[in-house]
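Data block below; observations after.
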Amino acid sequence: MKDYLVIANSKVFFICGAVIISFIILQSLMYMRLAYKEGLKIGLSKDKMVKAFRTGVISTIVPTIAVIVALMTMTPVLGIPIPWIRLSIIGSAPYELMAAGIGAKSMGVDTLGGTGYTKEVFASSIWIMCVGSIWAIMIVTFFLKKIKARYARAVNTDPKWRSILMNAAFIGVFSIFIADPLTTGGLPLATLLSGAAIMTLFAMLIVKFKQNWLREFALAFSMIGAMVCTVLIAKLF
Amino acid sequence: MKKVNYEEAVHVYGRIWMLSAFVMMLMIPTSIGVYYGAWPELSGVVKGLLGVAPIFWTVAVIEIITYTPMLGSGGSYLGFVTGNLTNLKVPCALYAMENAKVKQGTLEGEVISTIAIATSSIVTTIIIAVGVLMLTPLTPILNSDFLKPAFDNILPALFGGLAVVYVSKNWKIAMAPLIFMITLFVWIPSLAHSVSVLVPVGSLIAIVVARLLYVKGHL
């Protein structure tokens, strides 16, 4: 029996997890209230804000299932509660396993959960996971205000350029995620094209037939549709 | 005046929450030490931290520079605490702003983005918690050979749909970074896995092209 897994799956961390997720939900609710009140003050319609809420719910569900799949790859080596906590706050799956691996290597152990992976080595993995990824939080905490002020000064003079600039920044990010399946080909490419095709269909329904209610669902539906196509194509070929 | 109050409140609360998240994160390894007497050697931990620093530092700086102006202050504090930015929070916020027809970087955008990210954080947290409770029955289903290809390709599925919404509207800006990335990945395929490092490169190319087109009056 790997004795570190007994520690890794102990009640203490499940309790920590419960505390931490209550904390996230509380924080989210507080910000939602703050934003909603400010929205009313500046004349945003309730309808628009409720729509943002619905979009948030609908577009989140499918990608979150992928996070659970990532969680499953981590639990055999790191137990359940700690990966759960890490993926609920701050973390993202690929970095967590890498950090845990580096934590083990720096103690002279090569494989996670392998021979020599004692509770001390496990502790080292967890220290690296928890402390290593803290920097983004620290920078945001201490510098976000300054960064925002800097950005605001830079673009305030020209609102039209500002919106183009923001769009361009994200399109740059897009180009990576589009170019990757385009050059890999195979299933990723088929998935990308299916997603795009389904979204185009929705866009036509929304614009031509004024089916505005579809707007909030289009992204979630196109994702699910694309993934169904992936499964079908994988089965067929 | 009102605007100042909102901004101030967002920053004050944001800092308090962020620091508490930091303390909570430290609680976990500390309790392994306190409850189970498992303290790793300090030198090992420092060595490990130095090992991950280049990656985490780069990712942190890149994400902050690229995403904070899109998400607004409230959205940024929340998004950075809950994580999963590129695959979840950022697309969700942008899509919500697009649907509400508000612009990123404005106060209206900030409000919509914050509401969307707050909702998204709550939903994610709850679904993951449910997933943890149902881990035993769910594992064989989600890991089955039948469904595996779908989850392996969740990012292409997400960005295929998003591409239609954004690229179709901004295709003039999109051409250059897209061609650059395709060329790069054909040339050095392994780079496709260094997404975080390429994010600023892609954005920078897009911004430069956008600026040129804008100055010449093509946008």
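Below, chains carry the letters A, B, ... as their sequence lines are ordered, and counting in each starts from 1. Computed from a predicted structure; not experimentally measured.
In this structure, chain B has heavy atoms under 4.5 Å from both the backbone and the side chain of A:Ile20. Of the two parts of B:Tyr35, only the side chain, counted from C-beta on, holds a non-hydrogen atom closer than 4.5 Å to a non-hydrogen atom of chain A. Contact annotation for A:Ile137: both backbone and side-chain heavy atoms come within less than 4.5 Å of a heavy atom of chain B. In this structure, the portions of B:Leu138 lying under 4.5 Å from any heavy atom of chain A include both its backbone and its side chain. For B:Tyr214, the part lying under 4.5 angstrom from a heavy atom of chain A is the side chain only. With a 4.5 Å cut-off on non-hydrogen atoms, A:Thr75 touches chain B through its side chain but not through its backbone. Heavy atoms closer than 4.5 Å to chain A are found in the side chain of B:Leu155, but not in its backbone. Contact of A:Lys51 with chain B is not made at all, since no heavy-atom distance falls under 4.5 Å. In this structure, the portions of A:Val57 lying under 4.5 Å from any heavy atom of chain B include both its backbone and its side chain. Neither the backbone nor the side chain of B:Ile205 comes within less than 4.5 Å of any heavy atom in chain A. Of the two parts of A:Ile85, only the side chain, counted from C-beta on, holds a non-hydrogen atom closer than 4.5 Å to a non-hydrogen atom of chain B. Heavy atoms closer than 4.5 Å to chain A are found in the side chain of B:Met27, but not in its backbone. Contacts between A:Leu182 and chain B at a heavy-atom distance below 4.5 Å involve the side chain alone, from C-beta outward. Looking at A:Met30, only its side chain comes within 4.5 Å of chain B, counting heavy atoms on both sides. Heavy-atom distances place no part of B:Phe180 under 4.5 Å from chain A, backbone and side chain included. Contact annotation for A:Ile128: both backbone and side-chain heavy atoms come within less than 4.5 Å of a heavy atom of chain B. Interface remark: B:Glu98 contributes no atoms to any contact with chain A (heavy atom separation under 4.5 Å). Contact annotation for B:Ser113: neither backbone nor side-chain heavy atoms come within less than 4.5 Å of a heavy atom of chain A. Using a 4.5 Å cut-off between heavy atoms, B:Val102 contacts chain A through its side chain alone, with no backbone atom that close. Looking at B:Leu85, there are no atoms closer than 4.5 Å to chain A (heavy atoms on both sides), in backbone or side chain. Contacts of A:Lys148 with chain B are made by side-chain atoms alone, with heavy-atom separations under 4.5 Å and no backbone atom involved. For chain A, the nearby parts of B:Glu108 are the backbone and the side chain; heavy atoms of each come within less than 4.5 Å.
With rounding to the nearest 0.5 Å, the separation of CE in B:Met181 from OG1 in A:Thr183 is 11.0 Å. A distance of 10.0 Å separates CD1 in A:Ile224 from CG in A:Leu219, rounded to the nearest 0.5 Å. Rounded to the nearest 0.5 angstrom, A:Phe23 CZ and B:Ser20 OG are separated by 4.5 Å. A distance of 7.0 Å separates OG of B:Ser203 from CD1 of A:Ile176, quoted to the nearest 0.5 Å. A distance of 10.5 Å separates OG1 of B:Thr82 from CD1 of B:Ile122, quoted to the nearest 0.5 Å. Here the straight-line distance linking atom CE of B:Met25 with atom SG of A:Cys16 works out to 9.0 Å at 0.5 Å rounding.
Most heavy-atom pairs under 4.5 Å with chain B, from the set A:Ile198, A:Thr230, A:Ile233: that is A:Thr230. Of the residues considered (B:Val61, B:Asp152, B:Ile112), B:Ile112 shows the highest number of contacts with chain A, using heavy-atom pairs under 4.5 Å. No other option in B:Leu184, B:Leu135, B:Leu204 has as many heavy-atom pairs under 4.5 Å with chain A as B:Leu135. Considering only heavy-atom pairs separated by less than 4.5 Å from chain B, the leading option among A:Lys119, A:Lys37, A:Met72 is A:Met72. Looking only at heavy-atom pairs under 4.5 Å with chain B, the residue among A:Ala218, A:Ala234, A:Pro188 that has the most is A:Pro188. Taking chain B as the reference chain and counting heavy-atom pairs below 4.5 Å, the highest number among A:Ala226, A:Ser10, A:Ser59 is found for A:Ser10. Counting heavy-atom pairs under 4.5 Å between each of B:Asn99, B:Leu178, B:Leu19 and chain A puts B:Asn99 at the top. Chain A forms more heavy-atom pairs under 4.5 Å with one residue of B:Val186, B:Leu213, B:Ile28 than with any other, namely B:Ile28. Of the listed residues B:Thr125, B:Asn153, B:Leu162, the one with more heavy-atom pairs under 4.5 angstrom with chain A than any other is B:Asn153. For the options A:Asp47, A:Ile147, A:Val131, heavy-atom pairs under 4.5 Å to chain B are most numerous at A:Val131. Interface check for chain B: of the options A:Ile126, A:Thr141, A:Ile24, the most heavy-atom pairs under 4.5 Å are formed by A:Thr141. Note on B:His11, B:Lys101, B:Lys47: by heavy-atom pairs under 4.5 Å with chain A, the leading option is B:His11.
The nearest pair of heavy atoms linking A:Ile171 to B:Tyr166 is CD1-O, 4.4 Å. Of all the heavy atoms in A:Ala168 and B:Ala206, the pair that sits closest is O-CB, 3.1 Å. Shortest non-hydrogen contact noted between B:Cys92 and A:Thr60 is SG-OG1, 3.9 Å. Here the closest non-hydrogen pair linking A:Phe13 and B:Ser31 is CE2-OG, 3.4 Å.
Between B:Pro91 and B:Leu158, some side-chain heavy-atom pair lies under the 4.5 Å cut-off. Within the 4.5 Å cutoff, no side-chain heavy atoms of A:Phe142 are placed close to those of B:Arg15. Counting only heavy atoms from C-beta outward, the side chains of A:Ile82 and A:Phe122 approach each other to under 4.5 Å.
Shown here is A:Met138, whose CE atom has more than 12 heavy atoms of other residues, nucleotides or ligands within 6.0 Å. Within a 6.0 Å sphere centred on CZ of A:Phe53, other residues, nucleotides and ligands contribute 12 heavy atoms or fewer. Atom CZ of A:Phe14 has more than 12 neighbouring heavy atoms from other residues, nucleotides or ligands inside a 6.0 Å radius.
When the options B:Thr114, B:Leu107, B:Asn5, B:Val10 are evaluated for a side chain to side chain contact (heavy atoms under 4.5 Å, CB included) with A:Glu38, the one that passes is B:Leu107.
B:Tyr13 places no side-chain N or O within 3.5 Å of a backbone atom of B:Gly74 that could act as its donor or acceptor partner. Under the 3.5 Å distance criterion, the side-chain polar atoms of B:Gln104 are left unmatched by any main-chain donor or acceptor of B:Leu94.
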